[in-house]
Amino acid sequence: MILQTLCTRQTNLRKFIDCRHLSYYMKRPNPCSSLQSLHNKNNNFYICSLNRSVTSVSSITFPSWFMALSNSTPVAYAQQFIISFHEFTGTPWWATIMLSAVTLRLVITLPLTVYQHYNNSKLENLSIEFQSTVKEIQKEVVKSLKLNKWPENKAKRVYNKAVKQYWNELIVKENCHPAKSTIVVWVQLPLWICMSIATRNLTLMLPPSDDAVTRFYQLAEGGILWFTNLTAIDPTMCLPLIMCISNLMIIEVQTQSRNKEPTRNQKIITNVFRGLTIIMMPLSCFLPSGVSLYWTASSIYGLSQNLFLLSPQVRKCFGIPKTPYNNEHPYKYILHKTKSKLKIS
């Protein structure tokens, strides 16, 4: 049922694209129309047919939330960035989409990801240091429990309060609040959404204009290899497959690089991301190749960035503190762990 709905939407989308150029120019005055009507007896019938075609397509609309995002200011800035990047570099459209994705990730998300690793490393070192203090607090609470004859509920409350207070003091002292590690998500996700919708706007001639029509035809011939038409879906479905594999590899690299047993919450989060990655693949199969190309380029860069930041030399260069959970040979460790998981000798 889901695939049938997606196929229907794609068919309607194709009709919408084919007639958008027509409907846009039907509204424009044509000075030669009167002359053409003198030389073509069937001209009136032809225009009426075109008008009926445009009218039949006018019922094909996008959801209101999509149009709200499509016309939003952040998406407009993202779309202008892609256009300016194309005009400045002079690269083909397929290269423009890929390079713009990599450029934004390098300039914006790479520094934030480095800071995330820095903050996480400080938190891990603090948690190790914190364990010895927790044992001391526990001893003091047990001693007070015996001397003052506290009830167990009160002793538990005092213990939890003391532990929480000391942990908060350490975080403030080291300036490494866990919320700071989520900054990448809050920046990268809106950026990814805006760039995705901006790319799709280009493949749908949105907003309508002469330049939008020109760019549409450039995108229709601006692909490479098997996806020569960036306004059409990938006929081989290779781009969605590459994107899905890249995202799954990112998750596995992050999971297998840990030399400690993941917590229950970490396992749940990992499985949720695996499920979302698999769901994204059939959805991307019904998007224009330009959008799929952007997603694929972003995913491949993300995988490369994760592998890059595993290197001890790179982490040292960026000033990321070393923790007991870091491996001196992370790539060998991941390979060995993967072989063990797959039972490959």
With distance as the sole test, does [X] use its side chain to make a donor-acceptor pair with the main-chain N or O of [Y] at under 3.5 Å?
{"X": "Thr214", "Y": "Asp210", "result": "yes"}
{"X": "Tyr331", "Y": "Leu307", "result": "yes"}
{"X": "Gln79", "Y": "Leu206", "result": "yes"}
{"X": "Asn247", "Y": "Thr277", "result": "no"}
{"X": "Ser304", "Y": "Ile300", "result": "yes"}
{"X": "Asn201", "Y": "Ser70", "result": "yes"}
{"X": "Asn119", "Y": "Tyr115", "result": "no"}
{"X": "Ser84", "Y": "Phe81", "result": "no"}
{"X": "Thr228", "Y": "Gly223", "result": "no"}

Applying the side-chain contact (heavy atoms from CB on, under 4.5 Å) criterion to Trp93, which one of Ile82, Thr203, Leu293 satisfies it?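 By the side-chain contact (heavy atoms from CB on, under 4.5 Å) criterion, Trp93 pairs with just one of Ile82, Thr203, Leu293: Ile82.
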[X]-[Y] co-clustered via ILVMFWY side chain contacts under 4.5 Å:
{"X": "Met195", "Y": "Leu303", "answer": "no"}
{"X": "Ile250", "Y": "Leu241", "answer": "yes"}
{"X": "Ile242", "Y": "Met280", "answer": "yes"}

Between Asn175 and Lys180, does the side chain to side chain donor-acceptor pair (under 3.5 Å) criterion hold? Intermediate values first, please. CA-CA 9 Å; Asn175 192 22; Lys180 292 184 177 181; 2.5 Å; yes
Does the pair Ser292 and Ser284 meet the rule for a side chain to side chain donor-acceptor pair (under 3.5 Å), with working shown? CA-CA 6 Å; Ser292 297; Ser284 62; 5.0 Å; no
Quick check on the 6.0 Å ring-centre criterion: do Phe318 and Tyr118 meet it?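 Not under 6.0 Å, so no.
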Apply side chain to side chain donor-acceptor pair (under 3.5 Å) to the pair Thr323 and Asn125, showing each step before the final yes or no. CA-CA 6 Å; Thr323 72; Asn125 289 332; 5.0 Å; no
Hey, does Gln188 have a side-chain heavy atom less than 4.5 Å from the side chain of Arg105?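 Result yes, sub-4.5 Å side-chain heavy-atom pair found.
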Could you walk me through whether Arg274 and Asn271 pass the side chain to side chain donor-acceptor pair (under 3.5 Å) check? CA-CA 5 Å; Arg274 285 172 179 157; Asn271 289 330; 3.0 Å; yes
Could you walk me through whether Ile334 and Leu310 pass the side-chain contact (heavy atoms from CB on, under 4.5 Å) check? CA-CA 10 Å; Ile334 293 174; Leu310 283 177; 3.4 Å; yes
Could you tell me whether Lys322 and Glu328 make a salt bridge, using a distance below 4.0 angstrom between a side-chain N and a carboxylate O?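 Yes, this pair counts.
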